[in-house]
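Heavy-atom basis, side chains included; hydrogens, waters and symmetry copies ignored.
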Amino acid sequence: MRGAVLKSIARIEARLSEDPRLEKTSSEEGPRDLLFVRRVVSWVGRLSPSPSESLLLAAWGHVLDRWTLPRDSQPQKYPMTTAGYHKWRKALNLISADATSKILSEEGVDEKAISRVRDLILKKNFPSDPDSQSLEDADCLAFLELKLEGYLEEWDEAKTVRILRGTLEKMTPRAREMAARIPLPEKAVALLKKASP
C-alpha cells in the first residue's frame with residue numbers, strides 16, 4: 001500500500017482509539033468502535049483476499065467519530081422509532097464520511113480515491129458495487145460476532161428476529177454461510193435460524 005494510505009489508516013486508528021465508550025470482547029478490551037472496526041477489517045480480508053485500497057480505507061473509516069452523536073442527545077430529531085433510527089444512521093454515516101475524507105485529504109490521498117471512499121461509507125451504490133457489498137457483509141458479520149449477544153436481553157424476540165432478518169437479507173449467501181459458523185450463544189443461534197430468509 002502507498003504511504004498516504006498507510007498514514008491515513010494509522011490516523012484513523014488513532015482517532016478511533018479516542019472513543020470514550022469502552023467495551024470488552026472475549027479476547028480484548030478497549031474503545032468500542034476501534035474493536036468493532038478491527039473485526040470489520042478482519043472480515044474484509046476474509047471476504048476479499050486482495051481488497052482495494054478504497055475498500056480498506058472505507059472499512060477503517062466507516063464508523064469514525066460516531067460516538068460524537070449519541071442518539072439520545074437529540075431525541076426530538078432521532079426518536080426511538082424505526083424512522084428515527086434510520087435518520088440517525090444516515091447522520092452518522094455523513095459524520096464518518098466527512099471525518100475520513102478530512103484525514104485522507106490531509107495525508108495527500110487523491111480526490112478521486114477520497115470520493116470513492118465517501119461513496120462506500122455513504123452506501124451510494126449498495127448493493128450493486130462489489131466493494132460496497134463486501135463492506136456491508138463485513139459490517140454485518142462483525143455485528144453478529146461482537147454485538148448481537150449484548151442485545152439479546154435488551155430486545156424482545158420479535159424485535160430481534162426482525163433486525164436479524166434485515167441484517168441477513170443485506171448479506172451475500174457466502175457471508176451468511178460465514179455467519180452460521182460464528183460461535184454464538186444457543187439463544188442467538190436459534191434466533192438467527194428463525195430470521196434466516
Side-chain angles (χ1 to χ4, degrees), residues 12-13 16 19 21-48 51 55-56 58-67 69-71 78 80 82 84-97 100 120-123 126-127 129 131-197:
I12 291 168
E13 189 171 20
L16 287 165
D19 182 354
R21 302 164 304 165
L22 299 180
E23 202 163 79
K24 188 173 186 177
T25 70
S26 58
S27 59
E28 58 185 335
E29 187 174 354
R32 179 180 177 180
D33 282 347
L34 177 60
L35 298 184
F36 182 72
V37 162
R38 284 178 176 163
R39 291 309 304 149
V40 171
V41 171
S42 175
W43 282 112
V44 163
R46 291 169 68 181
L47 289 157
S48 306
L55 174 55
L56 280 175
W60 274 104
H62 81 291
V63 298
L64 191 60
D65 284 358
R66 277 190 182 180
W67 57 269
L69 182 64
R71 187 174 176 187
Y78 309 114
M80 300 303 286
T82 300
Y85 172 78
H86 288 299
K87 187 177 180 185
W88 175 61
R89 286 299 296 262
K90 281 188 176 178
L92 292 177
N93 288 344
L94 187 58
I95 285 171
S96 298
T100 301
L120 290 171
I121 293 173
L122 297 172
K123 303 182 182 185
F126 177 79
D129 180 334
D131 277 354
S132 186
Q133 181 64 66
S134 291
L135 179 57
E136 188 67 34
D137 281 346
D139 191 78
C140 291
L141 286 161
F143 163 75
L144 295 172
E145 182 183 24
L146 293 181
K147 297 186 177 183
L148 175 57
E149 185 176 356
Y151 287 119
L152 293 179
E153 300 305 319
E154 182 181 332
W155 298 337
D156 62 36
E157 182 173 317
K159 179 176 181 178
T160 306
V161 169
R162 177 175 54 81
I163 288 169
L164 288 176
R165 185 170 292 128
T167 299
L168 292 169
E169 285 173 351
K170 292 186 289 185
M171 298 166 71
T172 58
R174 180 168 173 246
R176 287 198 292 269
E177 286 174 13
M178 289 176 158
R181 294 193 293 270
I182 295 173
L184 292 169
E186 202 172 298
K187 182 178 179 182
V189 171
L191 292 170
L192 267 171
K193 284 180 180 172
K194 277 191 177 185
S196 293

Please determine whether the number of non-hydrogen atoms from other residues, nucleotides or ligands lying under 6.0 Å from atom CD of Glu28 exceeds 12. yes
For Asp137, side chain to side chain donor-acceptor pair (under 3.5 Å) partners two or more places apart: Gln133, Thr172
Who passes side chain to side chain donor-acceptor pair (under 3.5 Å) against Asp131, sequence neighbours left out? Ser52, Arg116
With sequence neighbours left out, which residue pairs that include part of residues 161-188 fulfil the ring pair (Phe, Tyr, Trp, His ring centres under 6.0 Å) condition? none
According to side chain to side chain contact (heavy atoms under 4.5 Å, CB included), who are the partners of Tyr85, at least two apart in sequence or on a separate chain?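 By the side chain to side chain contact (heavy atoms under 4.5 Å, CB included) rule, Tyr85 matches Arg71, Trp88, Arg89.
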So which heavy atom on [X] is nearest to which on [Y], and how close?
| X | Y | value |
| --- | --- | --- |
| Glu23 | Leu35 | O-CD1, 3.4 Å |
| Pro51 | Val44 | CB-CG1, 3.9 Å |
| Ala91 | Leu69 | CB-CD2, 3.9 Å |
| Arg176 | Met171 | NH1-O, 2.6 Å |
| Gly61 | Thr100 | O-OG1, 3.1 Å |

Contacts table for residues 138-152: side-chain donor-acceptor under 3.5 angstrom, sequence neighbours left out:
from: Asp139; atom 1: OD1; to: His62; atom 2: NE2; distance (Å): 2.7
from: Glu145; atom 1: OE1; to: Arg39; atom 2: NE; distance (Å): 3.0
from: Glu145; atom 1: OE1; to: Arg39; atom 2: NH2; distance (Å): 3.3
from: Glu145; atom 1: OE1; to: Trp43; atom 2: NE1; distance (Å): 2.9
from: Glu145; atom 1: OE2; to: Arg39; atom 2: NE; distance (Å): 3.4
from: Glu145; atom 1: OE2; to: Arg39; atom 2: NH2; distance (Å): 3.2

Solution key, residues 189-197 side-chain donor-acceptor pairs under 3.5 Å, sequence neighbours excluded:
from: Lys194; atom 1: NZ; to: Glu157; atom 2: OE2; distance (Å): 2.4
from: Ser196; atom 1: OG; to: Leu192; atom 2: O; distance (Å): 2.9

